[in-house]
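Remember, predicted model here, so these are calculated numbers, not experimental data.
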There are 2 protein chains.
Amino acid sequence: MADRKRPKPGETREKLMNAALTLVGKGRHFASLGIREVTRQAGVVPTSFYRHFRNMDDLGLQLVDELGLVLRRMMREARANVSQADKLIDESVGIFITHAQNNRAFFMFMAQGLAGESRAVQEGIRSEMRYFASELANDLRRMKLAEHLSDADLDLTCDLVVRSVAFSLTDILGISPEDTYQEEQVRKRTARFLQLIFVGAANWNSHP
Amino acid sequence: MADRKRPKPGETREKLMNAALTLVGKGRHFASLGIREVTRQAGVVPTSFYRHFRNMDDLGLQLVDELGLVLRRMMREARANVSQADKLIDESVGIFITHAQNNRAFFMFMAQGLAGESRAVQEGIRSEMRYFASELANDLRRMKLAEHLSDADLDLTCDLVVRSVAFSLTDILGISPEDTYQEEQVRKRTARFLQLIFVGAANWNSHP
DNA sequence: TACTGATGTGTACAAGTGTTCACTAATGTG
DNA sequence: CACATTAGTGAACACTTGTACACATCAGTA
């Protein structure tokens, strides 16, 4: 009689992960979250936590995996919406910022994790960024937009692009989601960062 | 008789700040530190904390101020050691990485704070970065290395440079201080990032 | 149908938390 | 010298924390 309903398998697991994300979205840092706090937010008894995660680090790792899915979805959308090469940067940045606003908590978690206290989470996020950069390099190759660059230099360029965009995260997440003016500023500035990088890449000599 | 010695004024304050830094240097995240934990590490009774700080956020803010001093000292050294323009990037990156290694805890705190939970700390670090970027812009102007760029575009470039270097922080701090090979890799890669940016700036048209 | 494993719940406990209070010794100022 | 201020102490408070244990309920399988 203590059992209210019979939840679908994995439901509580999701509830817990969402609870952690919610707290992060409210401004809390993931490293400062406790098991009890998360279970409370999830509306679940503390003991349930251990049915799904060994500790908070474990939960963090599983969040990184989900973050990967979000990023891939975003990348797919970006690829589908690429119209012409000259609008490529602006549109991609736009898609990124939109996703960042729509998945605020996820991206906050990502920004936090880069300097977080779990080495594993750190490495996971880093790995997602590498994957992102390599996909970007593939796209640029396919679109024949970087034919004069060696593989290593193209890789370098894409890495820098991804880092710059990632850093813009801290700009976006720092402003309120309703402040469309500031959002526009960040959007423009990020786009100009990328233009600057691409001008650099275009004039780069891979065999000096 | 309970008073062991009569400590110099501000001594305990320093002990507390160093204790927090020490814990951060050991891999802990600042947001997860507690007052008792810090005072314990400092070898001080918990109540003493309140003589100097209102809460942990307050301590964080004061750490940001000290961080500013570290950064300024670093900048001064960089300016003194600038030999020729063509070695400028490599030498500056070298100085930065050396400082990052020598003040590991400080820079970890900085990396954490960028996505930390205290808005004030976040803004403080951001402000330090802006200052850094503007000083860099001044230097480049003075050395007549960016005469074709508008003020706004030079500002953009320097901002991107500072962001890229700051991001490299997470690379450096992620590797062990003894791993000179990996450190050399980060050093080289960071330098190439900056070269790429400067090539972009050199070919940038401020009045298109 | 009976058994088994996964997932949920409630209770309990020792340890750790932030903060308050009253007290004391040293320091600097009139 | 007397006195207010500052910076330290220890004891106590009401909570919160992570984790362990025993138990209940479901789903699937033999």
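- Applying the side chain to side chain contact (heavy atoms under 4.5 Å, CB included) test between B/F30 and each of B/M108, B/M56, B/E117 identifies B/M56 as the sole match.
- Applying the 4.0 Å criterion to OP1 and OP2 of D/dA20, one finds that A/Y50 has every side-chain N and O outside that range.
- With hydrogens and angles left out, the side chain of B/R36 and the base of C/dG18 share a donor-acceptor pair within 3.5 Å.
- With salt bridges taken as basic N to acidic carboxylate O contacts below 4.0 Å, one links A/D159 and B/R189.
- When rounded to the nearest whole Å, the span between CG of B/N55 and C1' of C/dT19 equals 12 Å.
- Rounded to whole angstrom, the span from the CZ atom of A/F49 across to the C1' atom of D/dG18 amounts to 10 Å.
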A/R36 and A/F49: CA distance, side-chain angles, deciding distance, side chain to side chain contact (heavy atoms under 4.5 Å, CB included) verdict:
CA-CA 9 Å; A/R36 281 190 114 102; A/F49 184 90; over 6 Å; no

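- Side chain of A/H52, nearest nucleotide from C/dT17, C/dT7, D/dT17: C/dT7.
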Result block: side-chain N/O donor-acceptor pairs under 3.5 angstrom for residues 68-79 of chain B, not counting sequence neighbours:
unit_1: B/R72; atom_1: NE; unit_2: B/G68; atom_2: O; d: 3.2
unit_1: B/R72; atom_1: NH2; unit_2: B/E128; atom_2: OE1; d: 2.8
unit_1: B/R72; atom_1: NH2; unit_2: B/E128; atom_2: OE2; d: 3.2
unit_1: B/R79; atom_1: NH1; unit_2: B/D139; atom_2: OD1; d: 2.7
unit_1: B/R79; atom_1: NH1; unit_2: B/D139; atom_2: OD2; d: 2.9
unit_1: B/R79; atom_1: NH2; unit_2: B/E135; atom_2: OE1; d: 3.0

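- Listed nucleotides D/dG18, C/dT9, D/dT17 differ in distance to A/I35; the shortest reach to its side chain belongs to D/dG18.
- Side-chain proximity of A/V44 to C/dT9, D/dG10, D/dT17: nearest is C/dT9.
- Atom CG in B/L16 sits roughly 10 Å away from atom P in D/dT9 (whole-Å rounding).
- The nearest whole Å value for the distance from the CG atom in A/L33 to the P atom in D/dT16 is 17 Å.
- You'll find that the side chain of A/T47 is closest to C/dG10, out of C/dG10, C/dT19, D/dT9.
- Without hydrogens or angle criteria, A/N103 side chain to A/H99 main chain gives a donor-acceptor distance under 3.5 Å.
- Nucleotide C/dA6 holds its C1' atom 12 Å from the CZ atom of A/R13, rounded to whole Å.
- Rounding to whole angstrom units, CD of residue B/E11 and P of D/dT9 are separated by 11 Å.
- Between the CD atom of B/E37 and the C1' atom of C/dG16 there is a distance of 10 Å, rounded to whole Å.
- Across the protein-nucleic acid pair, B/F53 atom CZ and C/dT19 atom P stand 14 Å apart, rounded to whole Å.
- Between A/S48 and the phosphate of C/dT9, there is a side-chain N or O to OP1/OP2 separation shorter than 4.0 Å.
- Counting non-hydrogen atoms under 4.0 angstrom, B/R54 reaches nothing in the nucleic acid.
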